[in-house]
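Convention: sequence-line order gives letters A, B, ...; per-chain numbering from 1.
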Protein chains: 2
Amino acid sequence: MIEPVEQITDKSLRRHFGYSLKRAYARVHTAITEELNQLGLKVISYSALSMIVENPGLKQSQLAEALMIERSNLVVIIDDLENKNLIYRAQLPSDRRAYALIPTDEGKALAVRAGDAVADAEAAVFGHFDPALIEQLRPAFDRIWSR
Amino acid sequence: MIEPVEQITDKSLRRHFGYSLKRAYARVHTAITEELNQLGLKVISYSALSMIVENPGLKQSQLAEALMIERSNLVVIIDDLENKNLIYRAQLPSDRRAYALIPTDEGKALAVRAGDAVADAEAAVFGHFDPALIEQLRPAFDRIWSR
DNA sequence: TATTGTTATACTCTATAACTATA
DNA sequence: TATAGTTATAGAGTATAACAATA
């Protein structure tokens, strides 16, 4: 006889730390997406803008590699940032195949505002974490993907 | 004069803990996906199978809510598990609109094997973490999405 | 020959609306 | 009226192949 199940448990999945990680990241991602959306940016275009402001003159292929996305998928992201007058493609005299990506003053200003908005959103999500724990975790997590 | 950029940095993005989290999760996800792929499962179908084994008889709508996915997207996942003879849809006498999801013996066995494979993959990725730190992090991360 | 940016395309994931059969 | 499962579909995100211009 098959009975309805009243209370659902997920003990077998909670065994996996990646499960906690995934759901935690989903919350951070949602919070950040909402903040950036108000500034007309997506997470990926914010990342691209930040990298261009920090590394003015880098090429699209360099940016794609740094962001771990395909060159082909970066094109529309750069198009969008350029259409919003946040960056522009400049000719590289040393290599006429490539573009040097340069931030505008508007792009620099928005990168600062967006960076603070993201930091605020993260602070709200991780507010109950001990700041010392965060600083302990940062290098530990970074080691995971840097090897 | 525009010069090529030699060394790319990402200091402005590393400021954000979510950035570390995202990349760390990407690595775990890749490792888990590769393991599960060898068992003919995706991450989402493994999650569904595990939940059905742990909660035999639950309805699709209950499972969709637990996994935080849409009912409509669960259909093909359940179809796949059923085609592989890992679970089956049984009629619920108490509600003829709904199906009770029941694991087969094969499904129960695969859930155990897959669970161990996922645990092994995670251990490889988080191997350099102090086990005590993991246990400290688990409830902290879980609190993020349980509120 | 190889690389850069680009276009086209396909595949996955996810979200929404609408339908049927039941409640 | 509302709910469970289903179908169709549209929108993101992502990966691959091929091309023109240049190295």
Is the backbone of [Y] close enough, under 3.5 Å, to the side chain of [X] for a donor and an acceptor to pair up by distance?
X: B:Glu122; Y: A:Phe17; answer: yes
X: A:Gln60; Y: A:Tyr99; answer: no
X: B:Glu82; Y: B:Arg89; answer: yes

Counting only side-chain N and O atoms of B:Lys42, is one of them less than 4.0 Å from OP1 or OP2 of C:dT12? no
Side-chain N or O of B:Arg89 closer than 4.0 Å to phosphate OP1/OP2 of D:dT6: yes
Quick one: on DNA chain C, does A:Asp79 or B:Ile44 contact a more 5' nucleotide (nearest heavy atom)? A:Asp79
Distance, rounded to the nearest Å, where [X] contributes [atom1] and [N] contributes [atom2]:
X: B:Leu74; N: C:dC13; atom1: CG; atom2: C1'; answer: 14 Å
X: A:Arg97; N: C:dT3; atom1: CZ; atom2: C1'; answer: 4 Å
X: A:Lys22; N: C:dC13; atom1: NZ; atom2: P; answer: 10 Å
X: A:Gln91; N: C:dT4; atom1: CD; atom2: P; answer: 15 Å
X: B:Asp95; N: D:dG5; atom1: CG; atom2: P; answer: 8 Å

Is it the case that the side chains of B:His16 and A:Tyr46 hold a donor-acceptor pair, with the cut-off being a distance below 3.5 Å and no angle test? yes
Could you verify whether a donor N or O on one side chain and an acceptor N or O on the other, from B:Ser20 and A:Asp142, lie under 3.5 Å apart? yes
So, for A:Phe141 and B:Phe129, is the gap between ring centers shorter than 6.0 Å? yes
Scan residues 45-72 of chain B against DNA chain D and write down, sorted by residue number, each residue with any heavy atom closer than 4.0 Å; if none is found, say none. B:Lys59, B:Gln60, B:Ser61, B:Arg71, B:Ser72
At less than 3.5 Å, do the side-chain atoms of A:Asn73 and the base atoms of D:dA15 form a donor-acceptor pair? yes
Donor/acceptor link under 3.5 angstrom from A:Arg96 side chain onto base of D:dT22: no
B:Arg15 and A:Asp116: CA distance, side-chain angles, deciding distance, salt bridge (Lys or Arg N to Asp or Glu O under 4.0 Å) verdict: CA-CA 10 Å; B:Arg15 161 191 186 198; A:Asp116 289 344; 2.8 Å; yes
Between A:Pro93 and B:Ala98, which residue's closest nucleotide on DNA chain D lies nearer the 5′ terminus? B:Ala98
